[in-house]
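Both backbone and side-chain heavy atoms feed into the values below; hydrogens, waters and symmetry mates do not. The sequence lines fix the lettering, A, B, ..., with proteins before strands; numbering per chain opens at 1.
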Number of protein chains: 2
Amino acid sequence: MPEQTAGSRPTLEAVAARAGVSRATASRVVNGGAGVRPPLVDKVRRAVEELGYVPNHAARTLVTRRNGAIAVIIAEPEFRVFSDPFFEQQVRGISRELIAYDAQLVLLWVEGPGDHGRIARYLGGGHVDGALAFSLHHDDELPSVIRRARVPAVFGGRPFLPGGDGEPRVPYVDADNRGGAREAVRRLVSLGRTRIAHIAGPRDQTSALDRIAGYHDVLLDADPELIRQGDFTAESGARAMAELLEHRPDVDAVFAGNDLMASGALRVLRESGRRVPQDVALVGFDDMRTVVEAVDPPLTTVRQDIEGMGRLMVRLLMRVLDDHGANGSRTGSPASVITPTTLVVRASA
Amino acid sequence: MPEQTAGSRPTLEAVAARAGVSRATASRVVNGGAGVRPPLVDKVRRAVEELGYVPNHAARTLVTRRNGAIAVIIAEPEFRVFSDPFFEQQVRGISRELIAYDAQLVLLWVEGPGDHGRIARYLGGGHVDGALAFSLHHDDELPSVIRRARVPAVFGGRPFLPGGDGEPRVPYVDADNRGGAREAVRRLVSLGRTRIAHIAGPRDQTSALDRIAGYHDVLLDADPELIRQGDFTAESGARAMAELLEHRPDVDAVFAGNDLMASGALRVLRESGRRVPQDVALVGFDDMRTVVEAVDPPLTTVRQDIEGMGRLMVRLLMRVLDDHGANGSRTGSPASVITPTTLVVRASA
DNA sequence: ATGAAAGCGCTAACAG
DNA sequence: CTGTTAGCGCTTTCAT
């Protein structure tokens with residue numbers, strides 16, 4: 001343990017003095033040591049060690065204009081933040097990747113539109129180098145708030161693009177919802193099913209929309225009766241399944257917009273005396289552990305690499321930041337990233 | 001929307017110039033405006049408005065030595081267990097209170113002992129003014145890591161005090177686990193029950209220990225056979241209840257260390273053909289919504305104000321910080337806070 | 001390859 | 001009450 005006087009911590013000046021070099025050289029060593037002769041590098045390193053020197057972040061930020069911190073914006077209504085496994089995994093990915101970049105995670109918790117002013121002020125105040133936010137509902141104003149703050153940002157999940165005209169596109173990271181949905185439906189088709197229904201997620205979320213699109217990609221002329229609206233909860237899945245059974249009792253397969261709705265549908269299916277997968281095959285989406293394996297039969301579903309998406313959000317943001325730094329103005333909006341999904345076959349289809 | 005040139009943001013200098021005052025006066029106004037004549041205050045305020053001035057945080061920190069940021073340290077293993085409302089509510093309370101103090105929340109995610117070095121470096125690096133952490137298992141090293149970093153910290157939940165000798169006591173905020181347990185057991189006594197069992201939480205967590213102590217406070221000479229070990233999971237509650245029924249089939253009341261264990265016990269109780277509360281009365285702890293109301297009969301339990309505890313952690317930390325600032329050295333370790341619990345009577349007891 | 005010196009934007013004595 | 005003047009600790013030209 002390096003000793004350290006109670007009040008003030010050693011400065012670069014002290015390190016330089018101890019190593020018998022100038023502050024400039026000490027600085028160079030601390031920042032990688034490029035272009036400094038090995039013997040001096042060693043001397044400085046040793047001084048740093050002995051003094052227990054840690055760079056003063058504020059001083060460094062003041063001159064470099066880099067904070068080494070990025071904001072993660074969490075909108076309360078949307079997520080039961082830490083209890084939602086989805087969200088937890090994403091934040092874990094972000095946190096891990098940020099550590100690799102030696103950047104800090106500043107959590108901005110938004111409880112409602114009333115907080116937008118505060119968020120805008122903070123973001124605009126140059127406290128963080130960039131922001132990470134999550135795709136929300138169609139009518140959420142947060143994206144505009146972030147954009148107006150002129151802080152480089154990356155979204156998790158494809159955002160609804162406001163206006164749509166000359167607006168700068170925000171880069172985002174999303175799973176291949178559409179492709180995943182196609183795979184799910186194709187699986188059902190390959191099983192010989194011909195009356196394949198879809199229990200859709202809420203229309204104001206792009207992930208739900210994209211999954212619906214994927215369904216239609218495969219089933220070009222699907223009977224509208226076979227498509228039912230849910231809201232991503234198990235309850236809504238059960239309700240949708242009940243409707244389905246009423247209007248199209250001949251249904252022989254269901255692609256649910258997520259695992260939760262699939263679990264609700266499964267319950268109703270069994271209550272109606274149907275066997276899964278024999279009578280009705282069922283595929284979900286998300287591969288949410290707690291649901292997928294707790295259910296009988298275990299659910300065939302589409303997996304997305306959620307933690308990986310979190311990591312990618314960080315990488316993408318860092319690239320945007322580098323562009324900013326390099327030539328002053330953007331090199332053009334960086335491409336968004338769509339991560340692949342994989343079909344996980346279990347017993348339900 | 002105040003205009004703003006792309007690259008650099010306006011400085012205090014610019015504000016001062018525009019308002020026709022010195023930088024010092026502008027600074028005074030920005031920081032509350034005490035001791036500045038109203039007309040000047042107005043002028044400066046207007047200039048700030050027109051220029052869209054936002055103080056540079058780094059520059060301010062550099063001179064004041066205050067970051068306006070506090071770290072919230074989350075230890076991964078723990079976090080999973082608490083993946084329920086508990087943790088989320090606490091962080092929400094912290095976040096809300098921090099906003100009131102205009103401080104930022106820096107999230108430090110600890111995945112294991114391997115991260116201790118990084119955490120120590122960060123904390124020791126003066127990036128944050130203080131830290132908030134949560135009470136962990138007996139053998140967790142995090143508390144020592146934090147203490148060694150010499151950063152003012154407050155714990156959520158009474159920590160195991162290491163060493164125990166001249167070590168500085170860390171202030172903490174905790175619910176009155178012992179008192180709550182007493183209330184729970186007294187309720188059972190008041191119902192005329194005479195063979196009251198306790199399903200205890202893990203012995204390496206102070207909350208579990210305190211609840212056991214509360215049980216003993218009321219039942220001074222309880223039969224050791226009536227106390228069974230669980231680990232705060234529903235499964236362990238079921239197991240403990242089964243053992244209980246085997247050794248003491250005459251049991252007529254159970255105080256479970258938390259609601260999850262109570263729910264497991266309830267299931268076993270009913271499988272054994274006993275009626276709750278008629279044959280066996282049951283009280284839980286935590287008042288965890290999702291469990292307490294989902295269960296039949298609804299659980300009588302002990303409620304703690306979790307969000308409030310989060311807020312108190314922040315207030316306590318701020319007080320510690322003020323003490324530090326005021327006279328250079330601590331005024332003495334600030335008192336910890338124990339928040340009251342309340343018995344919530346439902347149908348199970 | 002190294003050092004000297006000029007700030008980054010702000011606050012806090014200290015004068016006036 | 002207001003302005004002047006030093007820095008806070010660090011990076012970064014610019015000379016050498």
Side-chain angles (χ1 to χ4, degrees), chain A residues 4-5 7-45 47-48 51-69 102 124-127 129 325-326, chain B residues 4-5 7-45 47-48 51-69 102 124-127 129 325-326:
Chain A
Q4 184 177 302
T5 337
S8 57
R9 297 149 19 62
T11 73
L12 194 57
E13 182 76 52
V15 173
R18 176 150 195 145
V21 301
S22 74
R23 216 165 62 222
T25 298
S27 174
R28 290 184 186 108
V29 173
V30 169
N31 293 291
V36 178
R37 264 180 314 171
L40 282 195
V41 172
D42 271 11
K43 266 191 186 168
V44 174
R45 291 250 161 84
V48 164
L51 261 31
Y53 169 78
V54 183
N56 179 313
H57 197 242
R60 182 177 277 178
T61 295
L62 187 55
V63 38
T64 61
R65 273 116 198 305
R66 283 256 172 154
N67 284 82
D102 202 42
H127 298 245
D129 298 330
Chain B
Q4 184 178 303
T5 337
S8 56
R9 296 146 28 58
T11 73
L12 194 56
E13 184 75 52
V15 173
R18 177 150 193 145
V21 300
S22 75
R23 216 166 61 222
T25 297
S27 174
R28 289 184 186 109
V29 174
V30 169
N31 292 292
V36 178
R37 264 181 315 170
L40 282 194
V41 172
D42 272 11
K43 265 190 185 167
V44 175
R45 290 249 161 86
V48 165
L51 261 31
Y53 170 78
V54 183
N56 179 312
H57 196 245
R60 184 177 275 177
T61 296
L62 187 55
V63 38
T64 62
R65 275 111 198 305
R66 282 254 172 159
N67 281 83
D102 204 41
H127 298 247
D129 298 330

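- Counting only heavy atoms from C-beta on, T64(B) has its side chain closest to dT11(C) among dT11(C), dG3(D), dG9(D).
- Within the 4.5 Å cutoff, side-chain heavy atoms of L62(B) are placed close to those of N56(A).
- Residue order along DNA chain D, read from the 5' end via each residue's closest nucleotide, puts V36(B) first among V36(B) and L62(B).
- Between P38(B) and A59(B), the residue whose closest nucleotide on DNA chain D is further toward the 5' end is P38(B).
- Considering only side-chain N and O atoms, R23(A) lies nowhere under 4.0 angstrom from the phosphate OP1 or OP2 of dC10(D).
- Look at CG on N67(A): it is 13 Å from P on dG9(C), rounded to the nearest Å.
- Residue H127(B) contributes atom NE2, which lies 13 Å from atom C1' of dG9(D) at whole-angstrom precision.
- Separating the CG atom in L51(A) from the CG atom in L12(A) is a distance of 10.5 Å, to the nearest 0.5 Å.
- Of all non-hydrogen atoms in R18(B) and A47(B), the two that sit nearest each other are CG-CB, 3.9 Å.
- Nucleic acid contact class of V21(A) (heavy atoms, under 4.0 Å, all strands): sugar-phosphate only.
- Close to dG3(D), at under 4.0 Å from its OP1 or OP2, lies a side-chain N or O of S22(B).
- Of the side-chain N and O atoms in R37(B), none sit less than 4.0 angstrom from OP1 or OP2 of dC1(D).
- Taking only side-chain atoms of R60(B), from C-beta outward, the nucleotide of dG9(C), dC10(C), dA4(C) with the closest atom is dC10(C).
- Annotation: the span from K43(B) atom NZ to T25(B) atom OG1 amounts to 11.0 Å, rounded to 0.5 Å.
- Taking atom CG of residue L51(B) and atom P of nucleotide dG9(C), one finds them 14 Å apart after rounding to whole Å.
- In this entry the distance linking CG of L12(A) with P of dG7(D) reads 19 Å, nearest Å.
- Remark: P of dC1(D) and CG of L40(B) are 11 Å apart, rounded to the nearest angstrom.
- In terms of phosphate contacts, S27(A) brings no side-chain nitrogen or oxygen within less than 4.0 Å of OP1 or OP2 of dC10(D).
- Rounding to the nearest 0.5 Å places CD of E13(A) at 9.5 Å from OG of S22(A).
- Atoms CG (N56(B)) and P (dG7(C)) sit 18 Å apart, rounded to a whole Å.
- E13(B) has its CD atom 11 Å from the P atom of dT4(D), to the nearest Å.
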N/O contacts under 3.5 Å, protein versus nucleotides 13-16 of chain C?
residue, atom, partner, partner atom, Å
dA13(C), N6, R28(B), NH2, 3.4

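- Residues R60(A) and V30(A) share a closest heavy-atom pair of NH2-CG1, 3.7 Å.
- Among the nucleotides dT2(D), dC10(C), dG9(C), the one closest to the side chain of R65(A) is dG9(C).
- Protein atom CG of N31(A) is 5 Å distant from nucleotide atom P of dT11(D), rounded to whole Å.
- Checking dC10(C), dC1(D), dC10(D) against every side-chain atom of V63(A), the shortest atom distance belongs to dC10(D).
- Rounded to the nearest 0.5 angstrom, N67(B) CG and H127(A) NE2 are separated by 11.5 Å.
- Side-chain contact check for V21(A) versus R28(A): every heavy-atom pair is 4.5 Å or farther apart.
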